[in-house]
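I have placed the structure first, in the form of structure tokens, so that the comments after it can refer back to it.
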Number of protein chains: 2
Amino acid sequence: MVTVKPAAVKPTPTSSSVEDYVKVIYAFTEWQDKPITSTQLATRLGVANSSVSEMVRKLKDQGLVDHQPYSAVRLTAEGQSLALSMVRRHRLLETYLVQELGYSWDEVHDEAELLEHAVSDTFIERMDAKLGRPSRDPHGDPIPAADGSVTMPAAHRMSQLDPGHSGRITRISDHDPELLRYLDQQRIGLDAPIRVQGRKPFGGALVVRVGTGPAARDFDLTEEVSEALWVSPEGTHPGCTLTRTTLT
Amino acid sequence: MVTVKPAAVKPTPTSSSVEDYVKVIYAFTEWQDKPITSTQLATRLGVANSSVSEMVRKLKDQGLVDHQPYSAVRLTAEGQSLALSMVRRHRLLETYLVQELGYSWDEVHDEAELLEHAVSDTFIERMDAKLGRPSRDPHGDPIPAADGSVTMPAAHRMSQLDPGHSGRITRISDHDPELLRYLDQQRIGLDAPIRVQGRKPFGGALVVRVGTGPAARDFDLTEEVSEALWVSPEGTHPGCTLTRTTLT
DNA sequence: AGTAGAAGTTAGGCATACCGAAACCATACT
DNA sequence: AGTATGGTTTCGGTATGCCTAACTTCTACT
């Protein structure tokens with residue numbers, strides 16, 4: 001009798017550059033499904049266009065992306081799976097730094113960016129266990145499970161909300177530490193109840209009320225700020241609705 | 001009035017290879033003061049001799065080592081300082097992994113090896129604080145302070161002890177995880193009281209008694225094991241005597 | 001002192017990942 | 001349809017850090 005081994009889980013050693021490319025491609029698609037272009041990739045990675053062309057060719061050779069010359073870049077299932085594991089690493093690390101080492105949420109991004117390439121799977125697993133298998137990070141971003149499944153909260157960019165809409169802040173972009181410090185100061189945090197009051201004329205600030213009852217406060221938010229905040233309608237809360245699973 | 005700025009603390013970005021070379025050079029000298037040769041360096045780093053020649057030239061250009069062709073390699077004060085900061089990182093990480101993430105002492109070395117190049121100074125500082133500024137790691141190796149000062153325990157290799165000597169185990173080489181698991185199994189750990197009973201003839205095993213009173217147990221230790229264990233005479237214990245400070 | 005073999009260095013190459021400049025393609029506008 | 005414009009790729013080149021193979025220097029033994 002012949003026993004068939006499960007297809008060897010090819011542990012292709014991926015360089016940290018490859019990991020970064022794949023992660024950025026994924027991140028671009030996470031909240032709306034448009035493939036990313038070379039130039040956008042180059043901008044986000046801070047490299048020259050030519051470097052992207054070259055690297056994309058390598059990624060394609062490794063089966064991580066689909067790409068036709070002069071068109072946008074898309075992750076394959078394999079690429080998606082690698083990306084999800086990097087996102088998982090990043091977000092678990094951010095959560096860990098905040099909860100266990102007293103980092104503030106504006107400090108964690110860069111540190112996690114470096115660590116995610118260095119830690120072992122064992123480290124990730126121990127961290128995950130110690131944190132109690134959290135489902136979202138300090139900025140509200142969902143943490144993919146070890147099997148690659150993600151639960152996306154049903155959220156909309158605050159900047160796209162019509163006056164009258166209300167809900168809770170479920171996600172805050174972590175790309176600008178400045179902004180995070182500002183929000184901290186104003187005590188605008190994750191899960192804060194929020195309601196869009198109106199919009200100042202001529203593309204002006206978005207007026208929102210944070211909190212309820214007597215503790216409510218009104219803010220004029222610039223486009224930059226309201227772009228960075230995501231709101232879920234009351235009730236659907238901590239993260240439900242869409243569950244998307246990616247095969248490995 | 002002119003204010004003189006302190007000489008800018010040149011934050012030369014050192015690559016992880018440079019860090020590894022410097023660390024290995026330092027480690028070789030830590031317990032006895034002989035400079036390391038190219039071939040020894042190559043062996044410990046797992047690279048070809050030619051790679052070492054090349055890299056040593058670069059290290060010399062950067063002022064991290066002194067080196068004359070065909071002779072041994074020595075750290076400069078600057079190199080020593082970099083090495084100490086890497087050793088500090090490594091040992092703090094090992095301690096952290098054991099105490100906070102439940103690693104066993106045979107698992108930590110490789111993980112720390114990777115992390116030490118990735119974590120920030122901030123991370124190190126937070127870890128150090130959380131651990132209560134420990135002075136030695138899980139294997140008994142002294143952890144250099146942030147200012148580069150190290151307190152070396154007055155210890156001798158067990159393999160070089162004469163029968164009749166007694167003391168406590170203060171350091172256990174962490175280079176062989178196998179060996180660490182063996183010692184764990186035999187419940188031979190850090191700070192265990194120990195006494196050399198004798199030596200089997202013809203370069204045979206070293207016979208030692210671990211523990212005292214009724215709990216004492218005798219072991220035959222091979223050269224390999226007794227080489228890896230360091231013993232301090234009773235009394236001088238956890239780490240005192242030699243304090244060596246290196247200027248930054 | 002002479003020389004063999006070990007130890008160390010130099011020379012030429014490879015892989016990764018980046019760059020700027022030049023060539024190329026696609027689209028959108030007249 | 002014809003072309004300008006901008007996005008994309010290709011082409012040489014750079015820097016690191018590693019390799020093997022060939023060569024040089026040192027050392028220790030006869």
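Naming convention: chains lettered A, B, ... in sequence-line order (proteins, then strands); numbering from 1 in each chain. The basis for the numbers below is simple: all heavy atoms, side chains too, and nothing from hydrogens, waters or symmetry mates.
- Applying the 4.0 Å criterion to OP1 and OP2 of C/dT16, one finds that A/Tyr21 has every side-chain N and O outside that range.
- What separates CD of A/Gln62 from P of C/dA15 is a distance of 14 Å, to the nearest Å.
- When the nearest nucleotides of DNA chain C are assigned to A/Val18 and B/Gln68 by heavy-atom distance, the more 5′-ward of the two goes with B/Gln68.
- A tilted orientation is assigned to the rings of B/Phe123 and A/Tyr103, their planes being inclined by 30° to 60°.
- Using a 4.0 Å heavy-atom criterion, one finds that B/Ser71 contacts no nucleic acid atom at all.
- Between B/His90 and B/His109, the distance separating the two ring centers is shorter than 6.0 angstrom.
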Worksheet item: So B/Asp66 and B/Arg74, salt bridge (charged side-chain N to carboxylate O under 4.0 Å, His left out) or not? Walk me through it.
Response: CA-CA 5 Å; B/Asp66 286 331; B/Arg74 253 195 182 86; over 6 Å; no

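- Residues A/Leu92 and A/Asp137 are not in side-chain contact: their nearest non-hydrogen atoms beyond the backbone lie 4.5 Å or more apart.
- When the options A/Asp121, A/Ile143, A/Leu115, A/Leu84 are evaluated for a side chain to side chain contact (heavy atoms under 4.5 Å, CB included) with A/Arg89, the one that passes is A/Asp121.
- Other residues, nucleotides and ligands contribute over 12 non-hydrogen atoms within 6.0 Å of the NZ atom of B/Lys130.
- Between B/Thr39 and C/dG8 there is a side-chain N or O to OP1 or OP2 distance below 4.0 Å.
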Fill in: Check against side-chain hydrogen bond (donor to acceptor under 3.5 Å, both in side chains), B/Thr43 and B/Gln40
CA-CA 5 Å; B/Thr43 307; B/Gln40 286 167 323; over 6 Å; no

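- Each of B/His67 and A/Ser16 was matched to the nucleotide of DNA chain C holding its nearest heavy atom; the match closer to the 5' end belongs to B/His67.
- Contacts of residues 45-58 of chain A with DNA chain D (heavy atom under 4.0 Å): A/Asn49, A/Ser50, A/Ser53.
- Using a cut-off of 4.0 Å between Lys/Arg side-chain N and Asp/Glu carboxylate O, A/Glu94 and A/Arg88 are scored as not salt-bridged.
- For B/Ser17 and A/Ala72, each mapped to the nucleotide of DNA chain D holding its nearest heavy atom, the one lying further toward the 5' end belongs to A/Ala72.
- Nucleotides of DNA chain D lying under 4.0 Å from heavy atoms of chain B occupy a range whose first and last members, 5' to 3', are D/dG17 to D/dC26.
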